[in-house]
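Please read the structure below before turning to the comments.
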Amino acid sequence: ITNKAGTAANMTLPVTAAVGSSLEVIGRGATGWVVAQNASQVIHMNSVSTTTGTGGSLASSAQFNTVTLICTVANTDWTVVGSQGVLTVT
């Protein structure tokens, strides 16, 4: 649960994750959140994917946006299985 004032709360995907690992983010703070990636990582949301590697990210657009991610390829691929609000995919 993020609750940061001033700028978005930055979180980074774990470098190692087994298939089926999950991650949930709830944005309590007014400035939102950003899920950053490590090298070779990507997040898939419906038919859109983030840029692979450290240049890609998934971000909230408003307070109380949420996302649930599941690791679908060990260490590298994450898929959005649930979200609330409009998320920004870069």
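Under the rule for a side chain to side chain contact (heavy atoms under 4.5 Å, CB included), the partners of Asn38 that lie at least two apart in sequence or sit in another chain are Thr12, Val15, Gln41. With sequence neighbours excluded, the residues satisfying side chain to side chain contact (heavy atoms under 4.5 Å, CB included) with Thr52 are Val42. Residues that satisfy the side chain to side chain donor-acceptor pair (under 3.5 Å) test with Thr7, not counting sequence neighbours, are Lys4. Ser61 pairs by the side chain to side chain donor-acceptor pair (under 3.5 Å) definition with Asn65, not counting sequence neighbours. Residues passing the side chain to side chain donor-acceptor pair (under 3.5 Å) test with Asn75, sequence neighbours excluded: none. By the side chain to side chain donor-acceptor pair (under 3.5 Å) test, Thr79 pairs with Thr72, sequence neighbours left out. Partners of Thr88 by side chain to side chain contact (heavy atoms under 4.5 Å, CB included), not counting sequence neighbours, listed by chain and number: Ala59, Thr90.
Residue pairs meeting the side-chain hydrogen bond (donor to acceptor under 3.5 Å, both in side chains) criterion with at least one partner in residues 13-22, sequence neighbours excluded, do not occur; the list is empty.
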Checklist line | His44 and Asp77: CA distance, side-chain angles, deciding distance, side chain to side chain contact (heavy atoms under 4.5 Å, CB included) verdict | finding: CA-CA 7 Å; His44 307 286; Asp77 289 39; 2.9 Å; yes

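Through ILVMFWY side-chain contacts below 4.5 Å, Val19 is grouped with nothing and stands alone. Chaining together hydrophobic side chains whose heavy atoms lie under 4.5 Å apart places Val25 alongside Met11, Leu13, Leu23, Trp33, Val35, Ile43, Met45, Val48, Leu58, Val67, Leu69, Trp78, Val80, Leu87, Val89.
Nearest approach of Ala17 to Cys71, heavy atoms of both residues: O-SG, 3.7 Å. Across Ala36 and Ser57, no two heavy atoms sit closer than the pair CA-CB, 4.4 Å. Taking each heavy atom of Gln63 and Arg28 in turn, the nearest pair found is NE2-O, 2.5 Å. Minimum heavy-atom separation, Ala8 to Val34: CB-CG2, 4.1 Å.
Once rounded to the nearest 0.5 Å, the distance linking CG of Asn10 with OG1 of Thr2 reads 10.5 Å. Between Asn3 atom CG and Ile1 atom CD1 the span is 9.0 Å, to the nearest 0.5 Å.
Side-chain contact, Thr50 with Gln37: a donor N or O sits under 3.5 Å from an acceptor N or O.
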